[in-house]
Amino acid sequence: MKKSLLLCPPTYYDIKYEINPWMSKDNPIDKARAMEQYETLTYAYEQLGVKYDELAPDESVPDQVFTTDTGHAENKKFIRANFKYDERKKEADIAEAYFTEKGFHIHMLPSDVYFEGGDLLKFDDIYIFGHGKRSSKEAQKPIEKVLGVELIDVELPDDIFYHLDTCIAIITKNVVVANLNALTKDGVETLNHHFSTVIPTTEEDNALMVCNLMNIGGNAVLTQGISNTLKDALRPHVELISTTPMSEYIKGGGSVHCVSLEIFE
Ligand code: ARG
């Protein structure tokens, strides 16, 4: 089945505030390079036969490129994010308008519960939910109810790897890649319980947020600079590893997965 993604061109992408340790107003975005990297990524998606649509960029939300965080889209349902930080709240309104227009049923979580889409990973019928930094543990039950599934939950204790997709990627039903240093002891046990192979990342990979990858039908699309150690560990489980430069997005605390909201069937 072809993947369907929602992206947003980096027209207004910038570091205007600091809400995670990767962001520094002293390290602004090189707009031309961000656009070039976006075009390289979309070209890779085109080559892999991925369908994607684009949001119209809004100048008032400089983090809008990170579309994944706006919610979870599946089977004509859109669970809207409740962003933790005010600076990003409008992004959920924009995504809601987009999915409403596409005929999705919009699901809101209780207003006192945080949820950001980067904390929910899905592969086939496996769902992992990360909580503790940007999403509340209390979001789990209402999400399970909307989707009619059980979520495997993992606590996120690390400020640097604050979204689930910054430290975990599901490669197949049996294989997961993870930055184990960013998880609790229980979190590591949970992964070992549900997956027969847990591939740990190296520090070099973590500095590039390599876990923030897209798995396109067995093709791992990920940040340029991945270590040979991780490449070798991944190879038996994927058909292809495509690397793409993501330095401008890493400045904002994200990479390939955060900028690629997946619309699941
Ligand atoms: N600057 C954004 C923020 O801090 C980056 C979001 C990255 N998204 C992700 N799913 N990891 O909210």
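This chain uses plain numbering: 1 for the first residue, then up along the sequence. Numbering of ligands and ligand atoms starts at 1, following listing order.
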Heavy-atom contact under 4.0 Å between E116 and ligand 1?
->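 Outside the 4.0 Å threshold, so no.
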Is there a heavy atom of Y162 sitting under 4.0 angstrom from any atom of ligand 1?
->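 It does; at least one heavy atom falls under 4.0 Å.
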Does the N or O separation between [X] and ligand 1 drop below 3.5 Å for any pair?
X	answer
D165	yes
G252	yes
T68	no
R88	yes

Carboxylate-amine/guanidinium contact [X] [Y], below 4.0 Å:
X	Y	value
K77	E74	no
E248	K251	yes
D69	R134	no

Is there a donor-acceptor pair closer than 3.5 Å between any side-chain N or O of [X] and the backbone N or O of [Y]?
X	Y	value
T67	L6	yes
S136	V113	no
K84	K133	yes
S227	L230	yes
T172	N174	yes

Going by the order shown, which atoms of ligand 1 are within less than 4.0 Å of some heavy atom of [X]?
X	value
G118	10 (N)
R134	3 (C), 4 (O), 12 (O)
T166	11 (N)
D63	1 (N), 2 (C), 3 (C)

Have a look at ligand 1 and work out which part of M23, if any, has a heavy atom under 4.0 Å from it: side chain, backbone, both or neither.
->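 For M23, the contact with ligand 1 is made by the side chain alone.
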Specify side chain, backbone, both or neither for H257, according to which of its non-hydrogen atoms lie closer than 4.0 Å to ligand 1.
->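 The answer is neither; H257 stays 4.0 Å or more away.
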Taking the minimum heavy-atom distance to atom 6 (C) of ligand 1, which of N20, I19, D69 ranks first?
->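 It is D69 whose heavy atom sits nearest to atom 6 (C) of ligand 1.
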Closest candidate by heavy atom, reference atom 9 (C) of ligand 1, pool G117, G254, C258 |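 Of the listed residues, C258 has the closest heavy atom.
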Criterion side chain to side chain contact (heavy atoms under 4.5 Å, CB included) against L191, the qualifying member of I170, T197, L183, I152 |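 Answer to the side chain to side chain contact (heavy atoms under 4.5 Å, CB included) test with L191 among I170, T197, L183, I152: L183.
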